[in-house]
Amino acid sequence: MKELSEKISKIPSSATIEITDKARKMKAEGKDVISLSIGEPDFDTPAHITQACIDALKNGKTHYEASQGLLELRKAISEKLSFENRIPSDPSQIVVACGAKDNIYEAMEACLNPEDEVLILDPSWVSYEPSVRIAGARPVHHSLRAGDFQADDTILEKINKKTKMIVFNTPSNPTGSVMNKASLTLIKDICEDNDILALSDEIYEKLIYENEHISIASLGDMHERTITVNGFSKAYAMTGWRLGYACAPLNITKAMTRVQQHTISHPASFAMWGGLAALKGPQACVEDMRQEFDRRRKFLISELNRAGYETAPAQGAFYAFLKVCGDDMKVCDEWLTKALVATTPGTAFCSPGWVRISYAAGMDTLKEAVRRISETG
Ligand code: PMP
Ligand code: GLU
């Protein structure tokens, strides 16, 4: 057989998915593994959302839809972005895709040329760099400020004429930190002064415990150069539905839609009706889940601190990010093989020396995981 794609051969597997698959395999072999390696709410999708999808299936919503996404859903997303996030938008600027991950990939394909550089603010989620590389452009990394994980003007050291886009995530996976207004204003100024696009991944927006969520696209004219990515996976416990969305300037949405037309066409029609129910229906379920995550966050962070671990500011999302002694890959491997607790090494997020623990798991499970980790050391 002839050689497979050289580009893809250089792209690593997704660490979050690979480690979780390994933990799943160990469980299937009868090992009592606690899996805290994937960022997935352990709650079921709220019943009214599931019911809306079942109704849609029964009512024949089983046909192709507009490739950009169901118009009713795009209208609801556009209203949500205007009222909650203060991002001026029109349904024509929304693309509904198979998860925020798909939106990010489409945005890269739509915007990037081979000579372009994309500045990724680290610690960064595992799929940003691969999606830049799949789109054929060059990823460049820059670490957020140690300690508070906010942006500072050292970012300018990595900006040049080739810089096309800055990618960041708030609240952050993996650190849990939330970008403050000063950080976002600094990124805004850099983007405007240097004609750079921002890709702002806001998928953990609803899971916030300290500080407030600010969308960079709400600041001044930033909506004219920002791709805001969000989705249903985390806020509404809808990971398996594969439903996300992006809001961008019209020329970018049009290009993203063309990518979509030649790849996925659109997400499952009935899933989009579920997404509409999520946005339009009662929001108490989101608050209930947030409060439960907050309870677990307080427990896990205080236990880890008590055990002597330094942790990143856990202000949002559902991750504890802790500093470890030595090689984080080895630490995670030991925790998995000896303590039977699956976690993700910071190296996967371009931050060696750290480990990410997801607290999207029941309190008893977390207590047991902490006990096992402390015993292993
Ligand atoms: N962005 C971040 C930061 C994430 O953690 C995830 C994890 N699922 C995604 C995007 C993608 O979410 P989904 O594709 O499930 O909407
Ligand atoms: N985003 C989640 C995580 O970081 C889910 C897995 C993935 O898509 O990477 O664990």
Side-chain angles (χ1 to χ4, degrees), residues 11-24 35-43 45 69 73 77 94-108 120-132 144 149 167-179 199-208 213 227-247 260 263-264 267-268 271-272 274-275 278-279 293 312 316-321 332 342-351 354-361:
I11 289 170
S13 307
S14 162
T16 47
I17 294 179
E18 196 168 55
I19 296 166
T20 306
D21 283 351
K22 189 169 171 189
R24 227 175 247 140
S35 184
L36 304 178
S37 50
I38 195 136
E40 165 158 50
D42 52 319
F43 305 107
T45 303
L73 179 56
I77 291 168
I94 312 291
V95 184
V96 184
C98 288
K101 190 182 277 187
D102 193 24
N103 283 112
I104 292 165
Y105 162 74
E106 289 174 358
M108 302 294 181
I120 300 171
L121 301 185
D122 293 335
S124 56
W125 180 50
V126 295
S127 292
Y128 296 144
E129 168 164 340
S131 47
V132 173
L144 288 164
F149 297 98
V167 179
F168 59 94
N169 172 219
T170 180
S172 160
N173 173 7
T175 66
S177 55
V178 172
M179 279 216 184
L199 190 152
S200 174
D201 180 351
E202 304 182 12
I203 191 140
Y204 294 97
E205 170 200 17
K206 297 281 179 186
L207 301 177
I208 194 158
H213 174 73
I227 302 152
T228 304
V229 175
N230 206 325
F232 298 85
S233 288
K234 317 292 172 172
Y236 298 98
M238 290 173 68
T239 47
W241 291 64
R242 310 309 304 128
L243 205 57
Y245 58 88
C247 173
Q260 181 140 300
T263 51
I264 60 162
M272 290 195 279
L279 289 185
F293 282 132
F318 39 58
Y319 305 105
F321 200 53
C332 286
T343 55
T344 313
T347 299
F349 307 99
C350 301
S351 297
W354 294 80
V355 167
R356 187 191 81 173
I357 302 181
S358 163
Y359 53 84

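Whatever order the structure lists them in is the order used to number ligands and atoms, beginning at 1.
Annotation: side chain of E205 is not in contact with side chain of T228 (no heavy-atom distance under 4.5 Å).
If you check each of N230, T16, I203 against atom 12 (O) of ligand 1, the one with the closest non-hydrogen atom is I203.
Atoms of ligand 1 lying under 4.0 Å from at least one heavy atom of R242, given by number and element, are 13 (P), 14 (O), 15 (O). Atoms of ligand 2 lying under 4.0 Å from at least one heavy atom of K234, given by number and element, are 1 (N), 2 (C). Under a 4.0 Å criterion applied to the non-hydrogen atoms of N169, ligand 1 contributes the atoms 3 (C). Residue contact check: I38 has heavy atoms under 4.0 Å from atoms 5 (C), 6 (C), 10 (O) of ligand 2. Every atom of ligand 1 is numbered from 1 in the order shown, and the set under 4.0 Å from a heavy atom of Y128 is 3 (C). Residue R356 has at least one heavy-atom neighbour below 4.0 Å for each of these atoms of ligand 2: 3 (C), 4 (O), 10 (O). Short contacts between ligand 1 and Y204, defined as distances under 4.0 Å to a heavy atom of the residue, involve ligand atoms 3 (C), 4 (C), 5 (O). Distances below 4.0 Å separate heavy atoms of N173 from the following atoms of ligand 1: 3 (C), 4 (C), 5 (O). Near K101, the atoms of ligand 2 lying under 4.0 angstrom from a non-hydrogen atom of the residue are 7 (C), 8 (O).
Annotation: G39 places an N or O atom under 3.5 Å from an N or O atom of ligand 2; distance criterion only. At least one N or O atom of A100, backbone or side chain, sits closer than 3.5 Å to an N or O atom of ligand 1. Checked against a 3.5 angstrom limit, the closest N/O atoms of T239 and ligand 1 fall outside it. At a 3.5 angstrom cut-off on N or O pairs, Y319 does not count as close to ligand 1. For ligand 1, none of its N or O atoms has an N or O atom of D102 under 3.5 Å away. Polar contact with ligand 2: absent for S127 (N/O pair, distance under 3.5 Å).
At least one donor-acceptor pair closer than 3.5 Å links the side chain of N169 to the backbone N or O of P171.
Aromatic ring centroids of F293 and Y204 lie 6.0 Å or more apart.
Contact annotation: for E40 versus ligand 1, there are no heavy atoms closer than 4.0 Å. Of the heavy atoms in T239, none comes closer than 4.0 Å to ligand 2.
Protein heavy atom nearest atom 6 (C) of ligand 1, with residue, atom name and distance: W125 CZ2, 3.5 Å. Looking at atom 1 (N) of ligand 2, its nearest protein heavy atom turns out to be W125 NE1, 3.3 Å. Here the heavy atom of the protein found nearest to atom 7 (C) of ligand 2 is T16 OG1, 3.5 Å.
In this structure, W125 and Y128 have perpendicular ring planes: the angle between them is above 60°, well past the 30° mark. Between W354 and F321, the two ring planes are parallel [angle under 30°; tilted spans 30° to 60°].
Heavy atoms only, all atoms of each residue included: M272 and L243 are closest at CG-CD1, 3.8 Å. Annotation for S124 and C350: closest pair OG-SG, 4.0 Å, computed over non-hydrogen atoms.
Between the side chains of T20 and S35, not a single donor N or O lies within less than 3.5 Å of an accepting N or O.
For the ligand labelled ligand 1, residue G99 lies inside the 4.0 Å heavy-atom shell.
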